[in-house]
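Comments concern the structure below.
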Amino acid sequence: MSVHTENTRRVTTHRLLEMKQRGEKISMLTSYDYTMARIVDEAGVDVILVGDSASNVMCGNQTTLPITLDQMIFLGKSVVRGVNRALVVVDMPFGTYQTGDIEAVQNAIKMMKVTHADALKLEGGEEVIDSVKRIIAAGIPIMGHLGLMPQSINKYGSYTVRAKENAEAEKLLRDAKLLQEAGCFALVLEKIPAALAEQVAKELTIPVIGIGAGGGVDGQVLVLHDMIGLTHGFSPRFLRRYADLQTIMHDAIGHYVDDVKSCDFPNEQEQY
Ligand code: KIV
């Protein structure tokens, strides 16, 4: 197991660019709270994403659409308090940047002011490019997100692999270049063919971080709760499970219940 405690210098958007330039892969994981963020940061992850997947993972919603600006701000603030080294990126939730660039920049400023995060992420290319430009012009670093965009699930109708057809692949490549030209510091590509993701990573100078996008990109991101086995009933091909914490927690809690029922807990040493 690798715990990169030796490198405590803060990760910046500039350092991510340097990592791409020297061919060092970027590691990114989600976190939604202080306790988890501390563990993830101390284990040496480069980028912590306060993803709107919190809508599913933390709130039990079917999609990412219901989570609100204030809820993302609450989570972002908690995560930032737990992090010393990683770059913290917070997702702009559905409805906070699609209605126009003025509203987008106002929401982005509120998120940055209250959370003290390092950067924000939002989904989409050409359709949201004015908002992206406006937010970056306000001094806020933006990470783009293309391919499968969960906030558009009602448009797609399913969570299947995106950009398998030429027209969608060409639009994705165009959008990736537009986001880079607009000033995005990095791009997430979700669930697209590995060859296309590799091509995007080669054609862009900014780091490209994949989830279900193969190994030819500049870094990888996973949802923490999936990779440590806390979630269940979700096993896409791209997900590698590094632990089965659900079983460990289930057993520990069952043990506690037994000890309480049998009057084994608390014992003499565990009371005053
Ligand atoms: O919300 C999220 O967790 C994400 C990742 C899947 C990239 O956007």
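Whatever order the structure lists ligands and atoms in, that order sets their numbers, starting from 1. Predicted model only: the values in this text are computed from it and were never measured. FYI, side chains are in, hydrogens and waters are out, and symmetry mates aren't considered; it's all heavy atoms of this structure. Sequence positions, counted from 1, serve as the residue numbers for this chain.
A salt bridge links Lys110 to Asp70: at least one charged side-chain nitrogen sits closer than 4.0 Å to a carboxylate oxygen. A salt bridge links Lys177 with Glu203: the closest approach of a Lys/Arg side-chain nitrogen to an acidic carboxylate oxygen falls below 4.0 angstrom. The pair Lys171-Asp175 meets the salt-bridge criterion, with a side-chain N (NZ, NE, NH1 or NH2) lying under 4.0 Å from an Asp/Glu carboxylate O.
The main-chain N or O of Lys191 is never found under 3.5 Å from a side-chain atom of Arg162 such that the two would form a donor-acceptor pair.
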One line per pair, note the atom names and distance for all nitrogen or oxygen contacts under 3.5 Å between ligand 1 and the protein.
residue  : atom  : partner : partner atom : Å
ligand 1 : 1 (O) : Asp52   : N            : 3.2
ligand 1 : 1 (O) : Asp52   : OD1          : 3.0
ligand 1 : 1 (O) : Ser53   : N            : 3.0
ligand 1 : 1 (O) : Ser53   : OG           : 3.3
ligand 1 : 1 (O) : Asp91   : OD2          : 3.1
ligand 1 : 3 (O) : Ser53   : OG           : 2.5
ligand 1 : 8 (O) : Lys121  : NZ           : 2.9

Scan the side chains in residues 204-221 for donor-acceptor partners under 3.5 Å anywhere in the protein, sequence neighbours excluded, and list what turns up.
residue : atom : partner : partner atom : Å
Thr205  : OG1  : Gln180  : OE1          : 3.2
Asp218  : OD2  : Lys20   : NZ           : 2.8
Asp218  : OD2  : Val208  : N            : 2.8
Gln220  : NE2  : Gly214  : O            : 2.9

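Shown are Leu69, Asp52, Val128, Leu122; of these, the side-chain contact (heavy atoms from CB on, under 4.5 Å) with Met92 is made only by Leu122.
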